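Hydrogens, waters and symmetry mates play no part in the numbers below; they use all other heavy atoms, side chains included. These numbers come from a predicted model, not from an experiment.
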Amino acid sequence: MILYTIMPEHLIFQTASEEYEKRTMVYYDGIPFLVQKTETNEYEIVQNLSTNPLHFLEQKYAPGTRFPISSATS
């Protein structure tokens, strides 16, 4: 089987289902992100899923950045 995708291998072939359940896709400022919930009740950006190259240049959309759950939409 050949799988053509832009998604990283560790997101497709995960070792435990608990790791997958921690992450979800949300929209923040109208941009799709793969995020995970932190212990401080915020979302932390895991991956920027935008197709606009300008969104990758903004520091506030970088992986590891946190934002309040209330500002995200699904």
Legend entry - OG1 on Thr24 to NZ on Lys22, rounded to 0.5 Å: 14.5 Å
Legend entry - Asp29 and Lys60, any side-chain heavy atoms less than 4.5 Å apart: yes
Legend entry - Side-chain heavy atoms of Arg23 within contact of Val35, under 4.5 Å: no
Legend entry - Gap between atom OH of Tyr28 and atom CD1 of Ile69 - 0.5 Å precision: 13.0 Å
Inset, instruction - Indicate yes or no: at least one non-hydrogen side-chain atom of Phe33 is less than 4.5 angstrom from one of Tyr61. - result: yes
Legend entry - Value rounded to 0.5 Å, distance of CD in Gln59 from OG1 in Thr65: 6.0 Å
Legend entry - Interatomic spacing from NE2 in His55 to CG in Asn48 - rounded to 0.5 Å: 8.0 Å
Inset, instruction - Output the distance between atom CG (Asn52) and atom CG (Leu57), rounded to the nearest 0.5 Å. - result: 9.0 Å
Inset, instruction - Determine, using the 4.5 Å side-chain heavy-atom cutoff (strictly less than), whether Val26 and Leu49 are members of one ILVMFWY cluster. - result: no
Legend entry - Pro63 vs Gln47 side-chain heavy atoms within contact, under 4.5 Å: no
Inset, instruction - Report yes if the side chains of Glu44 and Lys37 come closer than 4.5 Å at any heavy-atom pair, otherwise no. - result: no
Legend entry - Single-linkage hydrophobic cluster, 4.5 Å side-chain cutoff, Tyr43 and Met25 together: no
Inset, instruction - Write down the atom of Ala72, the atom of Phe67, and the distance for their closest heavy-atom approach. - result: CB-CE1, 3.7 Å
Inset, instruction - Enter the distance from Ile31:CD1 to Glu58:CD here, rounded to the nearest 0.5 Å. - result: 8.0 Å
